[in-house]
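What follows is a single structure, written as structure tokens, with notes after it.
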2 protein chains.
Amino acid sequence: MLTNWLIIMVKARKDSNTEEKILIAARQVFIEKGLAGARMQDIADRAEINKAMLHYYFKNKDMLFEVIFRETAGKLFPHFEKLMESDLNFFDKIRSIVSSYIEMIIQNPYLPLFVMNEMNKNPEIGIKTFFEAQKPGFVKKFRESIEENMKAGLIQPINPIHLIMNIFSMCAFPFIAKPMIKLLTGLEDEQFKNLMEQRKVLVAEFIINSIRK
Amino acid sequence: MLTNWLIIMVKARKDSNTEEKILIAARQVFIEKGLAGARMQDIADRAEINKAMLHYYFKNKDMLFEVIFRETAGKLFPHFEKLMESDLNFFDKIRSIVSSYIEMIIQNPYLPLFVMNEMNKNPEIGIKTFFEAQKPGFVKKFRESIEENMKAGLIQPINPIHLIMNIFSMCAFPFIAKPMIKLLTGLEDEQFKNLMEQRKVLVAEFIINSIRK
DNA sequence: GTCTATATTCAGATAGAC
DNA sequence: GTCTATCTGAATATAGAC
């Protein structure tokens, strides 16, 4: 009997990879519902295991959430630091950032709202975790690059912070406002998706148009 | 005894105005915590009454939420319809919209995140209620005005939807991203507020700069 | 209309067998 | 490691006196 049982154990460990199933399910549920709205039962169901397992792998709901939030926040500004160091000219850097950022959000539409919302609603956990997940070096480099190009007379004077806010606002906000936009315009998902595709080039040109001398 | 009790009743009805106290408290709690995160006990405490009263005035949590959401969603696009009909020139209309919109959000910083978040998380209640609260006539008028000015050759060609998205993105998003912006820039509340004040004129000029011929 | 007390439901967490 | 069964606490909701 005991032997029999051991075999089952080993088998289970080998092919199920429960932890990964939990993480996948938790990702979906937390990002869709938020910390307050998420249900452990829901996560367990999607992972096709039972609630007890969740607590076996991750002490409690908050711990599990923290793991998900950390990895998600880490995706917010992907490879931008490298991009800032590349030898693209300033306008092409902006084009590249806008395009890849919108594409990233198209792939993860709930991501911006999730991160922003949790940082607002749960300052403790959100902020603490965000700091660890994010190497904010990219913002500094971006600011420097903007100032350089201003001094070189290539772009009009503007507070770099405002320019950066403008860029990311136009990239991220439409996804956050999607239900409202659909309601106000009568668009369907497919058409909305097309609009967002267009924005990959349109937003960059809109910005460059505004700051170029 | 009965008489005595009647006097108390009448008095209470006269000076306490419980319903209003509940609405004020519910507004605060729901907007700050969201539907899922809000607690009836919390609302009762802030209104300085007990939970039973909440159910007496508003059947249940969802009903109370719906009232708050409806009135809040109704504030989203204030007097813009009138503004579009005014005889301001197109650029001044944009200046006026941006400025008054940002000012409105400064007065109600949680409003955009609240409405967007609930519409994403609770499609049923959010969307149903939003439709009733909003007279979306302003968007239509705005689109027409943009198209007019494009045909008149006053502004560069652009899909009106994108322009409208750009405008409201730059107005609203920084407030949604406030915790992240503070983290990334190291700004304090006071300085952040100053930035937002600046944006009342800056965002409009940024837009006009981009679309003007 | 307002309160206290209580019922009900739900969700997070644990115990213990296998 | 995984499951079933159970506990505990929290949160919504109701009953009933005044």
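Residue numbers begin at 1 in each chain, while the letters A, B, ... track the order of the sequences.
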[X] [atom1] to [N] [atom2]: how many Å, rounded?
| X | N | atom1 | atom2 | result |
| --- | --- | --- | --- | --- |
| B:F65 | D:dA13 | CZ | P | 14 Å |
| A:D62 | D:dA10 | CG | C1' | 15 Å |
| B:M53 | D:dA17 | CE | P | 16 Å |
| B:F58 | D:dA13 | CZ | P | 14 Å |
| B:Y56 | C:dT4 | OH | P | 17 Å |
| A:Y57 | C:dA13 | OH | P | 18 Å |
| B:E19 | C:dT2 | CD | C1' | 15 Å |
| B:L54 | C:dT2 | CG | P | 11 Å |

Report task. Could you label the plane-to-plane angle of the A:F173 and B:F173 rings as parallel, tilted or perpendicular, counting under 30° as parallel and over 60° as perpendicular? Result ->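 Aromatic pair A:F173/B:F173 classed perpendicular.
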Query raised in the report: Parallel under 30°, tilted from 30 to 60°, perpendicular over 60°: which one fits the rings of A:F138 and A:F80?
Result: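 It falls in the tilted class, 30° to 60°.
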Identify whether the distance between the nearest side-chain nitrogen and carboxylate oxygen of [X] and [Y] falls below 4.0 Å.
| X | Y | answer |
| --- | --- | --- |
| B:K141 | B:E81 | yes |
| A:K75 | A:E71 | no |
| B:K193 | B:D189 | no |
| A:E144 | A:K140 | yes |

Query - Protein proximity profile, nucleotides 5-12 of chain C - base contact B, sugar-phosphate-only contact S, no contact -, cut-off 4.0 Å on heavy atoms - result: ------SB
Query raised in the report: Can you find a side chain N or O atom of A:N50 that sits less than 4.0 Å from OP1 or OP2 on D:dT4?
Result: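 The answer is yes; a side-chain N or O of A:N50 sits under 4.0 Å from OP1 or OP2.
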